[in-house]
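Accompanying notes for the structure given below.
Residue numbers run from 1 in the order of the sequence given. Predicted, not measured: the structure shown is a model, and the values here were computed from it.
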Amino acid sequence: MSADQTPAPASSGRRTLGVMLLLTVLSAVLVLTAAGRTWAEGRAGTLGVSVTGGRISEVPGGLALVGLAAAVAVFAVRGAGRLAVGALTLLAGIGVAVASAAGAGDTAALDAEASRKLALTGSAATEVAHSGWPWVALVGGVLLALAGLLTLRYGRRWPAMGSRYEAPTRKAPAKSETPGDLWKALDRGEDPTAV
């Protein structure tokens, strides 16, 4: 390609769509993996206690799934619908990042686990240590927010599902059709009573 040629808008649209999909899938993998790992551990008397990210907060995992659903929905909508999907993805990414940061130092779930193991309400875990998994989930949230920004910025250029995936429209039968024509319409799978 020479210096005076520019890439076709369709190819740049497909490229940014691919980047958005990659970011969304990567963010979901990071967040869902991190949510299943130990975020905090400590001691309850002589017993060891630990809690996963999903026990500390269900928000990151839930919002990662929202982001995945939005990545699929981007193919089914156009125009304002695509902007709404981009905004939803951006907000989901921000939500994941905020919830992950909040869960990084949270000890409430660990204290609840200590109370459960000791069968004593109000017990608190001691020797508390936090892992790096909340920060992995936070990175996933940032990637999801970037996918939302890409959708907002470039989503109008992306291809959508073709008309063959839309619900078929049927023509209303002419009022002067004979009963035989109505039976033929039924044989073709049409509803002759539709108006």
Which value, rounded to the nearest 0.5 Å, describes the distance between [X] atom [atom1] and [Y] atom [atom2]?
X: Leu146; Y: Arg153; atom1: CG; atom2: CZ; answer: 14.5 Å
X: Glu113; Y: Thr107; atom1: CD; atom2: OG1; answer: 13.5 Å
X: Phe75; Y: Arg82; atom1: CZ; atom2: CZ; answer: 8.0 Å

Check whether [X] and [Y] end up in the same hydrophobic cluster, where Ile, Leu, Val, Met, Phe, Trp and Tyr are linked by side-chain heavy atoms less than 4.5 Å apart.
X: Leu26; Y: Leu32; answer: no
X: Leu21; Y: Val31; answer: no
X: Val25; Y: Leu63; answer: no
X: Val19; Y: Val139; answer: yes
X: Val66; Y: Leu150; answer: no

Please table the atom pairs, donor to acceptor, closer than 3.5 Å between any side-chain atom in residues 83-105 and protein atoms at least two apart or in another chain.
{"residue": "Thr89", "atom": "OG1", "partner": "Val85", "partner atom": "O", "Å": "2.8"}
{"residue": "Ser100", "atom": "OG", "partner": "Val96", "partner atom": "O", "Å": "2.8"}

Are [X] and [Y] close enough that some pair of their side-chain heavy atoms sits under 4.5 Å apart?
X: Leu144; Y: Thr24; result: yes
X: Val74; Y: Met20; result: yes
X: Thr33; Y: Trp133; result: yes

Any idea which heavy atoms bring [X] and [Y] closest together, and the distance?
X: Asp106; Y: His130; value: O-CE1, 3.3 Å
X: Thr52; Y: Ala35; value: CB-O, 3.7 Å
X: Ala44; Y: Leu118; value: O-CD2, 3.6 Å

Backbone N/O of Gly48 and side chain of Lys117: donor-acceptor pair under 3.5 Å: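 The answer is yes, because a donor-acceptor pair under 3.5 Å joins these two groups.
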